[in-house]
Visitor: 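The structure's right below; bear with me while I get my questions together.
Note: hydrogens, waters and symmetry copies are ignored here, and every other heavy atom, side chains too, is used. Protein chains get the first letters and strands the later ones, always in sequence-line order, with residue 1 at the start of each. Fair warning: this is a prediction, and the values are worked out from it, not measured in the lab.
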Amino acid sequence: MKRSTLWTGVALIIVLVTGLQVSVVDVTAQDDKYARQRECRRLLKDALALMQGGQYPEALEIIDSVLAVDPGHADGYYYRGLTRLHSGDSAGARQALTEGTKVAPMSSRIKLLLARLQLAVGDAAAAEALVDAVLMIKPREGEALYLRGLIEMDRGDTTAAVETFGQALEYGLAKRGN
Amino acid sequence: MTKGLFRSKRGLIIVGLVVTLLAPLVAGAFKYLREGMAAPKIIGTDLLSGERVATEAWLAENMVVVVFWATWSPRSLDELRDLKKTVAEFPDLPFRILAVNADGQTLSAPERDAIVGLVTELDLPFPVIIDEGLEILYQYGVMAMPSTAIIDSTGTLRFGPSGYSYATHDLIVDSIMTLLGLAEPREGLVIDAGYRPNKKAGRYCNMALQQFLRRQYEQAIKNLDMARAADSGFAQPYTLRGEIYLELDSLDLAIEAFGQAVGLDSGSVPARTGLGIAFLRSGQLGSARAGLNGALTIDSEYTPAVLNLGLCLAELGDTVAAFELVEKARDLNERDPQILYVLGQLHMNSGGISQAALAYRSALEIVFPAP
């Protein structure tokens, strides 16, 4: 065999083996990522059950552990906000959800829950900004339209509110039927 | 003057929604069950004792009374209290009662606590389970709160009154006594009515119902064809077929199917109501009115019939009667957002913007409850 052919063969083998190792590492890394996501989902499910059972500190502990592992986990912020809300810590809930809107700007449920809390403390302007942000991406989001209708009613614009409520019901009832 | 609900896109959407979504979320007899059919088995966990409850285990030696109830339904609580007295009055009779709470699709911890608190306070001598996700409610097609299913020891539904009053309680007790052979049926009490389909037809129909609830309409229709082939006298496959065609907006086919159901079972309130709704949606108001009135003659509190007759009368310009009926529907089920939506629409069309806003808001509080 010619030497050049031999060296070409060796080089090819090295490239192949390296490539294989890289793809194995990629697959392994991906597997780890999916496993972590699954584990986070499982933990949050446990946290939700604890929250529904009124065990708020225990639920928060689990949620904190999820966010320590995955600081970008949108559901983590949502459930942190929800659990604090149910435990009576409305300010803490708003703080968690506000943080969540920055970390997970595409999460409409974080925005909508925060909007409800903003409405509850009388900050209609902040609520409206959140609702409008959701409607810009999801114009048929029934809950967002409902909250918009509430804002319009608070403002005294009953005619607009009725129109908005009507739309919210059309979309909300249709989704509910599904 | 009432704006024509069907001459506007919004009006058509309303009616479509009312028809397609007024399915199992309360009011009327059992939409998918007729006397003579096998009642779906129920399994659950007793709220207070934590013990497993299964109606199938009771049937060997007892007849079973299933009560669907909710904390927000005052008549439900009346029925539970009266049944408590009935159990005390007849402690040795072979019947068992199961109370199925259907407060909502999802329940928060405080809501569950409230149910437990109420059940503890009522001190009932029979188990109470929570219908998680309202699955049992959908299986039975419960149309009113409360609704009662009286099931004999073969697992067959024998009597299913909807709503509750003292008269209903008497009927329930009388039916239990009659079915146990301890009394002759009193005048007006028909508890042995109902076509009993053969088992094969019943099974196909039940499979079709599951598929219908999952919106698998094509498969459902195939199974309904099999049910019809197995038992040509069984009306329920036609009724369910009609429901599917309503969902698909195939109104002529819906009219045909419901018509066939009524032809086989003239006492079927769901079939008569479905026929009325199909006529209503196709703009045949006179036929709709006649059909819905026919249903209400048999069961004056079947909410889909009450509500749709209200819509029909609104369309015919009789706003006063329309409001009366829709308000009646709301009294029968104050937690049905579709009824509140229709009420809002009636107010809108009558110029009552504030009342419309209130009705819509009430509906939306149910559709989008605070998390």
Visitor: Indicate every side-chain donor-acceptor pair of residues 107-115 of chain A with a distance under 3.5 Å to a residue at least two apart or in another chain.
Guide:
from: A:Ser107; atom 1: OG; to: A:Ile110; atom 2: N; distance (Å): 3.3
from: A:Ser108; atom 1: OG; to: A:Lys138; atom 2: NZ; distance (Å): 2.9
from: A:Arg109; atom 1: NH2; to: A:Asp75; atom 2: OD1; distance (Å): 3.0
from: A:Lys111; atom 1: NZ; to: A:Pro105; atom 2: O; distance (Å): 2.3

Visitor: If you check every heavy atom in residues 81-98 of chain A against those of chain B, which residues fall under 4.5 Å?
Guide: A:Leu82, A:His86
Visitor: Any side-chain heavy atom of A:Leu44 sitting closer than 4.5 Å to one from A:Ile62?
Guide: no
Visitor: Side chain, backbone, both or neither: which part of A:Ala161 has an atom under 4.5 Å from a heavy atom of chain B?
Guide: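 Neither part.
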Visitor: Please tell me if the side chains of A:Phe165 and A:Glu152 come closer than 4.5 Å, counting only heavy atoms from C-beta onward.
Guide: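 Not in contact.
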Visitor: Between B:Arg281 and B:Glu315, is there a side-chain N and carboxylate O pair less than 4.0 Å apart?
Guide: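 No, B:Arg281 and B:Glu315 are not salt-bridged.
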Visitor: Please determine whether a side-chain nitrogen of the Lys or Arg among B:Glu327 and B:Arg330 lies less than 4.0 Å from a carboxylate oxygen of the Asp or Glu.
Guide: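 Looking at B:Arg330 together with B:Glu327, the answer is yes, because their closest N to O distance falls below 4.0 Å.
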Visitor: Give the interface residues of residues 139-146 of chain A toward chain B, defined by a heavy-atom separation under 4.5 Å.
Guide: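 A:Gly142, A:Glu143, A:Tyr146, listed by number.
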Visitor: Is there a side-chain contact between B:Tyr302 and B:Lys31, using heavy atoms and a 4.5 Å cut-off?
Guide: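 When only atoms from C-beta onward are counted, B:Lys31 and B:Tyr302 do touch, with a gap below 4.5 Å.
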Visitor: Is the closest side-chain heavy-atom distance between B:Thr45 and B:Glu51 below 4.5 Å?
Guide: no
Visitor: Could you look at B:Ala370 and say if it's the side chain, the backbone, both or neither that has a heavy atom under 4.5 Å from chain A?
Guide: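 Interface part for B:Ala370: both.
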Visitor: Between A:Glu39 and A:Arg42, is there a side-chain N and carboxylate O pair less than 4.0 Å apart?
Guide: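 Yes, A:Glu39 and A:Arg42 are salt-bridged.
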Visitor: Within the structure provided, determine whether B:Ile136 and B:Phe68 are in side-chain contact (heavy-atom separation under 4.5 Å).
Guide: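 Side-chain contact under 4.5 Å: yes.
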Visitor: Does a side-chain heavy-atom distance below 4.5 Å link B:Phe258 with B:Glu243?
Guide: yes
Visitor: So which of B:Phe212, B:Tyr140, B:Tyr138 actually passes ring pair (Phe, Tyr, Trp, His ring centres under 6.0 Å) with B:Tyr32?
Guide: B:Phe212
Visitor: Go through the steps for B:Phe323 and B:His347 under the test ring-ring contact (aromatic ring centres under 6.0 Å, His included), then give the verdict.
Guide: CA-CA 9 Å; B:Phe323 266 110; B:His347 279 301; 4.8 Å; yes
Visitor: What parts of residues 46-55 of chain A touch chain B if we use heavy atoms and a cut-off under 4.5 Å?
Guide: A:Met51, A:Gln52, A:Gly53, A:Gly54
Visitor: Are there more than 12 heavy atoms of other residues, nucleotides or ligands under 6.0 Å from atom CD of B:Glu334?
Guide: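 For B:Glu334, atom CD is crowded (more than 12 foreign heavy atoms under 6.0 Å).
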Visitor: May I ask you to say whether B:Glu365 pairs ionically with B:Arg335, meaning some side-chain N is under 4.0 Å from a carboxylate O?
Guide: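 So B:Glu365 does not pair with B:Arg335 through a salt bridge.
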